[in-house]
Amino acid sequence: MATIGFIGLGNMGGPMLANLVKAGHTVRAFDLSADALARAETAGASRADTAAAAADGADVVITMLPAGQHVRAVYMGEGGVIGAARSGALLIDCSTIDVDSARAVATAASDAGLLMVDAPVSGGVGGAEAGTLTFMVGGPDAAVEAAHPILEIMGKAVVHAGGSGTGQAAKICNNMMLGIQMLSVCEAFMLAKRLGLDAQKLFDVSSKASGQCWSLTTYCPVPGPVPTSPANRDHAPGFTATMMLKDLKLAQDAAATNDAATPMGAAAAGLYSLFCNQGHGGMDFSGIIRMIDGQS
Ligand code: NAD
């Protein structure tokens, strides 16, 4: 069993930590939020007073933080993880961040004699609680191999995407597809309504035809066809529109700096930005059908 430092104990990090404790690992928790720290203690972790204290002497350090600037600060800032971790320790960043930050931190870790992977997740809070996340992992083979048994406790699938930063690349490419597909499904249901075509009938056809996709068959934005989708609970999240917008912006920034034309991704980012600016950022991202349908 390993000693694990866990930093960032929010909606995702909290339940991920709980699964590591349940598996028998010794976990030292750190967060800026006293409430999050208290929840981690209740789950069976011990409290660290700083990020460096969580990392000091640990075999593994895991972070689940909001964005690139937090990850850079926690790893590379004064009193950061890279300065505190023991030689040969394994660092796993599960946050969704920009590829450049992921690569900068991985280089600093490697220069300090540490193993590091970027391992963003898909599966949301439900997946974090159930231990069924999908990890997209970027990093050198030795680091990915070392991370595998730890990630398997928190997830059901671990995909090695390539070198450092490619886990983040996979995450933003996937979520750009998701955002665009959700909007396409919303537009189709809106048009069907205007044409007098019943939503269930469109679902029955398209779920078996070429329009089939996850946004339709698992996460249908209208109530009825998929009883477990957020549409059946007034579009309560789920995965918030704010989170979708964050990932679409990461994709747009990456596209701009890597000479990639992503006009559909740009349109999706614009539409989600509008939806969030209308005050709906806390709604599930499938709730954008209300705006597409002229209801908000
Ligand atoms: P959250 O805001 O609930 O949690 C982030 C935690 O990090 C907070 O508790 C905050 O206090 C802590 N934190 C911030 N700066 C810190 C610092 N310098 N030192 C220590 N702690 C610090 O966010 P979340 O929903 O848990 O998401 C975490 C990451 O996972 C994000 O990058 C997000 O994009 C990604 N993600 C979230 C979901 C989801 O459904 N929530 C799904 C997939 C991926």
Side-chain angles (χ1 to χ4, degrees), residues 5-19 27-41 43 45 47-55 61-82 84 91-99 101-102 105 118-137 151 154-157 167-168 170-176 178-179 219 230 236-251 253 272 276 281-287:
F6 205 118
I7 302 163
L9 314 165
N11 294 322
M12 295 294 290
M16 289 165 72
L17 169 145
N19 284 328
V27 184
R28 287 192 221 137
F30 175 67
D31 195 291
L32 298 176
S33 151
D35 287 352
L37 263 177
R39 279 194 297 274
E41 279 187 301
R47 175 190 291 249
D49 290 332
T50 60
V61 179
I62 302 176
T63 44
M64 194 49 162
L65 296 160
Q69 72 265 28
H70 309 100
V71 172
R72 283 180 187 258
V74 164
Y75 281 100
M76 298 159 65
E78 204 180 318
V81 167
I82 289 177
L91 314 180
I92 303 175
D93 178 40
C94 296
S95 327
T96 300
I97 65 169
D98 58 286
V99 174
S101 291
V105 176
D118 49 291
V121 306
S122 170
V125 177
E129 287 168 352
T132 56
L133 295 168
T134 294
F135 288 93
M136 297 151 248
V137 191
L151 298 178
M154 301 180 284
K156 66 170 177 358
Q168 299 296 347
K171 170 79 184 178
I172 59 174
C173 290
N174 180 74
N175 280 19
M176 186 175 78
L178 174 62
Y219 225 71
F239 186 60
T240 62
T242 300
M243 286 280 181
M244 173 52 79
L245 178 59
K246 172 193 166 181
D247 293 354
L248 289 169
K249 281 181 172 169
L250 286 172
D253 290 347
Y272 273 101
C276 291
M283 196 181 282
D284 187 79
F285 82 108
S286 61

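Since we're looking at a predicted model, the values are computed, not measured. Order of appearance sets the numbers: ligands from 1, and atoms from 1 within every ligand.
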Measure the distance from [atom] to every protein heavy atom, then report the residue, atom name and distance (to 0.1 Å) of the closest one.
{"atom": "atom 37 (C) of ligand 1", "result": "Met12 CG, 3.6 Å"}
{"atom": "atom 3 (O) of ligand 1", "result": "Asn11 N, 2.9 Å"}
{"atom": "atom 19 (N) of ligand 1", "result": "Leu32 CG, 3.6 Å"}
{"atom": "atom 10 (C) of ligand 1", "result": "Asp31 OD1, 3.5 Å"}
{"atom": "atom 33 (C) of ligand 1", "result": "Lys246 NZ, 3.7 Å"}

Review point. Based purely on interatomic distance, does Ala36 place a nitrogen or oxygen under 3.5 Å from a nitrogen or oxygen of ligand 1?
Key: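 In this structure, Ala36 places no N or O atom under 3.5 Å from an N or O of ligand 1.
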
Subset of ligand 1 atoms that lie under 4.0 Å from at least one heavy atom of [X]:
{"X": "Gly124", "result": "40 (O), 42 (C)"}
{"X": "Val74", "result": "17 (C), 18 (N), 19 (N)"}
{"X": "Gly8", "result": "7 (O)"}
{"X": "Ile7", "result": "20 (C)"}
{"X": "Phe30", "result": "19 (N), 20 (C)"}

Exercise for review: State whether any protein heavy atom lies less than 4.0 Å from atom 7 (O) of ligand 1.
Suggested key: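 When distances to the protein are checked, atom 7 (O) of ligand 1 has a heavy atom within 4.0 Å.
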
Point to revise | Contact bool for atom 23 (O) of ligand 1 (protein heavy atom, d < 4.0 Å) | key: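 Within 4.0 Å: no protein heavy atom nearby.
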
Exercise for review: Pick, from Met243, Lys171, Met64, the option with the minimum heavy-atom distance to atom 25 (O) of ligand 1.
Suggested key: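 The residue whose heavy atom sits nearest atom 25 (O) of ligand 1 is Met243.
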
Check your understanding: Quick one: does ligand 1 sit under 4.0 Å from the side chain of Thr240, the backbone, both or neither, non-hydrogen atoms only?
Key ->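 It is neither part, as no heavy atom is under 4.0 Å.
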
**Study point:** side-chain contact (heavy atoms from CB on, under 4.5 Å) between Asp93 and Tyr75, intermediate numbers included
**Key:** CA-CA 10 Å; Asp93 178 40; Tyr75 281 100; 4.0 Å; yes

Practice item. Evaluate side-chain hydrogen bond (donor to acceptor under 3.5 Å, both in side chains) for Ser33 paired with Asp35, printing each intermediate quantity in order. Key: CA-CA 5 Å; Ser33 151; Asp35 287 352; 5.2 Å; no

Exercise for review: Could you label the plane-to-plane angle of the Phe285 and Tyr272 rings as parallel, tilted or perpendicular, counting under 30° as parallel and over 60° as perpendicular?
Suggested key: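 Judged by the thresholds at 30° and 60°, the geometry between Phe285 and Tyr272 is tilted.
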
Check your understanding: Hey, is Pro66 one of the residues with a heavy atom under 4.0 angstrom from ligand 1?
Key -> yes

Check your understanding: Between Glu41 and Leu37, is a side-chain contact (heavy atoms from CB on, under 4.5 Å) present by the stated rule, with each step listed?
Key -> CA-CA 6 Å; Glu41 279 187 301; Leu37 263 177; 5.6 Å; no

